[in-house]
Amino acid sequence: MDNLYWWGKAKEASALIGWFPTVIFAQWQHETGHFTSSNFTKNNNIAGQTWQSYMPLSMKGSARPSAEGGFYIRYEDPVVGYVDFIQKNGRYANVKLQGTEEEQICEIADRGWAADTNYAMKLINRLNNNKQLGYILEEDNEMLKEEVELLKGQIQTLLNTADAHIEQITALERQNSMPVPDWATNAVEAAVSCGLIDSPNGRSHDFYSLITVFHRKGLI
């Protein structure tokens, strides 16, 4: 089943009921075995909702597991049915008032959506796995984009600093291994003639300056 399709449907449902789309999507995946369960395929029931006696017989779906008893609700459309169930069921009215995904999940579990005492933890695990796959809240996505842009800026600053250091090192290397400058030619020739040096090129700027001073002082 196309996860991107159901992720889009979870966002649509979120706009109608006020639950985080990430919570809805995780619940749908858990309840339907990733949209493959017989309840989902037979009843268009996307979250395991139970048929009640006050509901029309036409909505009475297949039997729930024997350990649970009762029947599933059969819907014409799974998402429409899910939204309708939540909007008409006051038990879950406070879910949308919770400020985080984990808090919404815990409220759903506390209000008795499932008999499984580990229901909340299973949904939270699914939620966290989904985040690794990119199914995150829009505000989280925007925050991530901002962090990426910040990191890009920091990386560029480091690269610029590295380039500046490289230029400085290159300049120093040029100064420490340079041909004889014109202003030092006479001094270097004199130093070679008197045997003070045997290799005039490839010396540093400071070396040529010192030789020139010696030459002007008549020392070589």
Side-chain angles (χ1 to χ4, degrees), residues 1-12 14-15 18-30 34 96-106 120-220:
M1 188 60 68
D2 186 356
N3 278 332
L4 288 178
Y5 171 81
W6 291 110
W7 172 236
K9 288 296 183 179
K11 290 181 178 180
E12 293 177 11
S14 172
W19 297 12
F20 292 121
T22 45
V23 171
I24 296 171
F25 189 53
Q27 186 185 40
W28 288 357
Q29 289 176 302
H30 175 72
H34 295 274
K96 63 183 178 183
L97 303 180
Q98 308 307 308
T100 68
E101 297 156 303
E102 289 79 7
E103 288 172 345
Q104 284 197 354
I105 288 173
C106 289
M121 184 56 63
K122 290 177 179 178
L123 292 193
I124 290 172
N125 288 340
R126 171 48 48 197
L127 174 81
N128 291 332
N129 288 338
N130 284 342
K131 287 181 178 180
Q132 300 301 315
L133 298 175
Y135 299 108
I136 59 177
L137 298 175
E138 294 294 335
E139 49 265 38
D140 290 344
N141 195 34
E142 290 303 317
M143 186 179 300
L144 181 60
K145 289 179 181 178
E146 291 176 2
E147 291 176 353
V148 169
E149 290 304 316
L150 179 61
L151 287 174
K152 285 182 179 179
Q154 293 174 340
I155 291 171
Q156 188 59 54
T157 299
L158 290 173
L159 289 174
N160 292 341
T161 302
D163 288 341
H165 286 321
I166 290 172
E167 290 179 3
Q168 292 175 351
I169 292 170
T170 301
L172 289 172
E173 288 178 341
R174 284 197 297 267
Q175 289 180 357
N176 290 322
S177 181
M178 57 187 296
V180 179
D182 292 340
W183 48 265
T185 300
N186 292 335
V188 170
E189 288 177 349
V192 172
S193 296
C194 69
L196 183 63
I197 60 174
D198 57 5
S199 178
N201 289 304
R203 304 300 182 104
S204 69
H205 184 275
D206 290 343
F207 173 83
Y208 293 124
S209 296
L210 183 61
I211 289 295
T212 300
V213 171
F214 286 169
H215 184 253
R216 289 174 180 172
K217 294 293 185 180
L219 299 177
I220 56 174

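Because only heavy atoms are used, hydrogens play no part in the values below, and waters and symmetry mates are left out as well, while side chains stay in. Just so you know, these numbers come straight off a predicted model, no measurement behind them.
With a 4.5 Å cut-off on side-chain heavy atoms, N129 and L133 do not count as touching. Contact annotation: the side chain of W7 approaches that of T22 to within less than 4.5 Å [non-hydrogen atoms, C-beta and beyond].
In this structure, CG in D206 is found 12.0 Å from CD1 in I211, a value given to the nearest 0.5 Å. The SG atom of C106 sits 4.5 Å away from atom CD1 of I124, with the distance rounded to the nearest 0.5 Å. For the atom pair NZ of K122 and NE2 of H30, the computed distance is 5.5 Å after rounding to the nearest 0.5 Å. Atom CD1 of I105 is separated from atom CD of Q98 by 11.5 Å, given to the nearest 0.5 angstrom. Atom CZ in R126 sits 14.5 Å away from atom CE in M121 (nearest 0.5 Å). Going from atom CD1 of I24 over to atom CH2 of W6 covers 12.5 Å, rounded to the nearest 0.5 Å.
Within the 3.5 Å criterion, the main-chain N or O of F25 finds no donor-acceptor partner in the side chain of Y135. Here the side chain of E101 pairs no donor or acceptor atom with the backbone of L127 at under 3.5 angstrom. The backbone N or O of I136 sits nowhere less than 3.5 Å from a side-chain atom of N130 that would complete a donor-acceptor pair. Checked by atom type and distance alone, the side chain of S14 never pairs as donor or acceptor with a backbone atom of A10 at under 3.5 Å.
Residues N128 and Q132 have side chains that never bring a donor and an acceptor to within less than 3.5 angstrom of each other.
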Test side-chain contact (heavy atoms from CB on, under 4.5 Å) applied to L159 and Q156, step by step
CA-CA 5 Å; L159 289 174; Q156 188 59 54; 4.3 Å; yes

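Across all non-hydrogen atoms, the minimal contact from F20 to T100 is CE1-C, 3.3 Å. Residues L123 and Q27 come closest through the heavy atom pair CD2-CA, 3.8 Å.
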Counting only pairs under 3.5 Å, give me each side-chain donor-acceptor contact of residues 181-192, with atom names and distances, residues two or more places apart or in other chains.
| unit_1 | atom_1 | unit_2 | atom_2 | d |
| --- | --- | --- | --- | --- |
| T185 | OG1 | P181 | O | 3.4 |
| T185 | OG1 | D182 | O | 3.1 |

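Within 6.0 Å of CZ on F207 lie more than 12 heavy atoms contributed by other residues, nucleotides or ligands.
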